Amino acid sequence: MKVQEIREKFVQFFESKNHIKYESSPLIPQNDPTLLFANAGMNQFKDFFTGKANPNHKRAVTIQKCVRAGGKHNDLENVGLTARHHTFFEMLGNFSFGDYFKEEAIVFAWEFLTDVLKIPKDKLFITVHHSDDEALEIWHQKIGIPKNKIFKKGDKDNFWEMGDTGPCGPCTEIFYDHGPDHSTPGLVLKEGQDILEDELRYVEIWNLVFMQFEKSKEGIKPLPNPSIDTGAGLERIAAVLQGKYWNYDTDAFTPIIKKIEDISGKKYTEKESQSSFRVVSDHIRSATMLITDGVIPSNEGRGYVLRRIIRRAVRHLRLLNAPDGSFCKIVPAVFETLGKEYPQNKTNSALAEKLLLLEEKKFLETLDLGLKYLNESLKKDVLNGVFKGDAAFKLYDTYGFPLDLTELILQEQGLKVDTKAFDSSMLKRKEDSKKSWKATGQVDNKIFFEAKEKCGETQFTGYQKTNEFSKLLYKIDLGENTALIFDKTPFYGESGGQAGDSGNIKLNGNLIAHISDTQKPVENLFVHICDTDACELLEISETYELQIDIQRRELTKRNHSATHLLQSALIEVLGKHVKQAGSSVDFEKLRFDFTHMQAVSAEELQQVEELVNQKINSALEVNANIMTKDEAIHKGALALFGEKYGDNVRVLTMGDFSTELCGGTHVDNTKEISLFVILSESSLSTGVRRIEATTSDNAFHYLTRRSRLLGEIERLANAKDTASIDKFNYYIEEVKNKSKEIAQLKDKLQSSQSDELFSNPQKIGDFVFVSAIAPEGADSRKISDIFMDKNNNGILLLFGQKGDKQSILIRRPKDLKTIHCGNILKSALELIGGRGGGKPELAQGSGELGGIEVVTRFVKKSIEEAIIK
Ligand code: SER
């Protein structure tokens with residue numbers, strides 16, 4: 001049975017048991033700072049388990065894309081070596097939120113495996129938590145599994161936790177016996193060990209978690225309702241059904257393996273190449289799915305994990321002799337098996353190809369540098385045949401060398417790596433990277449979940465209205481401000497990048513309080529932030545008039561609509577790889593972040609700006625329609641990168657130029673935007689650019705201000721338009737030339753002055769000794785250069801004055817090695833209460849003012865002694 005059929009059968013089975021299918025959540029967890037990547041089907045339901053939010057329906061089924069590379073569940077290092085570990089995999093899961101519990105979960109799983117998939121019962125084995133006799137008895141009595149095929153295990157195996165915090169509970173697991181041919185070679189079971197310790201032969205295919213607790217920093221507490229979370233690895237189930245041992249031999253990987261064969265000219269069946277084939281085929285799936293969900297390779301957090309995955313794969317491609325730049329060519333093969341289930345990822349495949357090529361190039365550049373560093377390190381970082389762990393880590397961290405690459409190279413020279421020291425450097429790095437993604441977390445919004453429980457959803461009337469008579473339902477003291485919740489509101493709550501509305505609260509036409517901002521901390525709950533003391537007087541259940549700041553809203557609307565035009569214009573001018581990576585719109589300006597590999601040129605920016613203005617002038621009608629997500633995708637609506645939407649979506653169209661999913665407030669016709677101007681274009685991170693722009697009144701003010709500035713420049717330059725720029729370029733050149741001329745003249749002057757300065761030479765042996773006082777402010781070092789140019793057998797003692805200090809410089813010809821200027825200077829300075837020294841050839845220092853004669857006598861004497869000796 002092929003993977004697609006397994007997916008369909010799984011969903012159909014649980015739908016027939018009254019479950020609702022949810023789409024997979026994106027790989028970047030939404031609003032969950034405790035998670036690096038989505039690592040299990042239950043992630044998106046965390047709030048349903050903990051009771052923070054209530055589901056509409058108590059049963060769910062999903063096919064969840066998961067990445068386990070970094071964080072609590074990390075399989076990266078196992079990939080390629082085992083038959084069943086992956087960085088990216090799909091998890092089949094059914095969930096009960098306080099509905100059915102142990103018995104039904106077990107019965108469902110057994111029925112699906114043995115009735116629907118027809119896996120032979122005698123091939124299946126069971127584990128339960130050692131404290132869970134209830135589950136054991138269900139398996140034994142209800143399902144009829146003999147007790148000798150049910151094994152009790154401890155917390156390590158049978159207590160599942162999502163991360164350091166979050167919902168958790170005991171679990172029961174179902175194992176499949178791949179037969180004695182796959183037994184772990186040489187395994188002898190010790191006392192107390194059961195047959196499932198033979199991990200190569202028995203493979204876990206389904207984990208049923210009995211969610212009963214929530215772990216937090218304070219400890220562990222029971223969940224409001226016992227729940228079910230199950231997870232079965234799709235690739236493992238496919239291996240069982242397709243009679244394969246290695247997941248890589250199933251149709252989930254076949255197109256990828258075939259593509260690697262084409263690229264490398266090697267065969268997957270060749271034993272020595274197999275593990276590289278497997279690493280590459282696993283890593284291309286995770287790298288592609290991560291990028292198409294919005295992760296960009298970088299040096300921290302998620303981006304860093306992605307970079308490591310890519311580098312490991314590229315090095316294995318090199319081992320397979322694949323030409324440079326091959327990795328990205330495998331992307332289309334990934335979507336042969338994942339494209340149908342994850343169409344949003346597939347839409348972004350051009351971006352994955354571009355970024356992977358860029359990353360591969362970057363890595364290959366550092367690979368050669370890394371090899372150079374490795375060769376240098378071999379000379380100093382090896383002790384008793386062991387290569388230092390921190391050097392191996394530097395190779396890993398700075399040059400992107402996976403540890404196994406370093407080990408392989410060293411092996412050839414009979415050396416090993418101090419892996420313990422490597423691990424501790426790695427641990428430190430992980431802590432640092434964890435900090436970087438934790439920092440992006442949001443505040444705990446429990447109070448707002450509670451508020452929503454009490455008030456229900458807020459009705460938003462702001463698409464049509466700017467004022468509304470609303471009943472006050474709830475007040476929350478936020479310290480400096482107060483949060484107000486009404487039954488309905490015209491105030492837009494910050495979301496989708498659009499800032500929240502501000503405005504006033506009135507009673508009987510009189511202004512009584514001010515709202516500075518509106519937020520939506522929980523879906524469909526509008527929270528009005530009141531910043532005036534008067535809000536204490538507002539009474540629950542009283543009806544007030546809510547009036548938004550119309551001028552602000554108007555400007556914000558125009559900026560938001562222009563953002564949509566901008567996105568379409570960028571795609572038209574730069575290409576289809578342009579994807580939204582973030583945006584923010586308020587009444588002053590708009591900011592749009594998007595994926596693009598290089599800076600947008602001045603001509604391209606101009607084209608984009610002109611195209612947007614052209615669409616404004618074409619007076620395109622703007623329409624919003626609610627439709628199902630499928631209909632929206634069919635219409636080609638642009639959705640936010642890696643974003644999850646509800647079942648019904650709001651589709652906003654502007655003529656036939658732009659179609660986007662959007663809940664924001666917009667103009668009715670693009671002509672209302674009146675004018676669009678780009679303020680700046682910059683780089684946000686590798687592969688992501690940022691454009692800032694503004695519209696209508698703000699754009700007009702910006703342009704008129706710039707125009708006035710140009711007028712001022714024209715006046716100063718006494719020239720019009722581009723001639724003023726030519727004039728300034730001319731001035732800049734002139735200033736440069738004049739500066740050069742002045743410097744040359746200064747040198748000349750100094751040179752002629754120096755003749756006077758050096759006019760009193762004294763002979764010492766074959767040498768000329770000059771003692772002189774430099775003019776105030778002169779550069780002693782420069783004077784000594786002039787002196788040496790003119791006197792190749794000269795020795796100079798030069799005094800100078802710097803504030804209330806006296807400087808001394810001593811310099812001698814290069815080959816007069818018997819004199820050490822530094823030592824002489826040191827003693828000379830002692831005579832005038834100074835300290836210092838210097839090099840044999842040239843020394844400088846300073847002391848108190850005065851003592852010129854004494855110092856001169858001393859220096860001269862020292863030189864005479866040295867020369868005569
Ligand atoms: N959360 C459990 C797991 O990931 C079951 O889905 O194994």
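Values in this document were obtained by computation on a predicted structure and should not be read as measured data. Both ligands and their constituent atoms are indexed starting at 1 by order of listing.
With sequence neighbours excluded, the residues forming a side-chain hydrogen bond (donor to acceptor under 3.5 Å, both in side chains) with D155 are H129, listed by chain and number. For D99, the side-chain hydrogen bond (donor to acceptor under 3.5 Å, both in side chains) partners are R59, not counting sequence neighbours.
Screening residues 196-210 for side chain to side chain donor-acceptor pair (under 3.5 Å), with sequence neighbours left out, gives D177-R201, S183-D198, T184-D198, W206-T230.
Under 4.0 Å from any atom of ligand 1, one finds heavy atoms of residues A40, M42, R68, M91, W160, N207, V209, D229, T230, G231.
For H86 and F253, the distance between ring centers is under 6.0 angstrom. Between F175 and F125, the distance from one ring center to the other does not fall under 6.0 angstrom.
Between the side chain of E341 and the backbone N or O of L338 there is no donor-acceptor pair closer than 3.5 Å.
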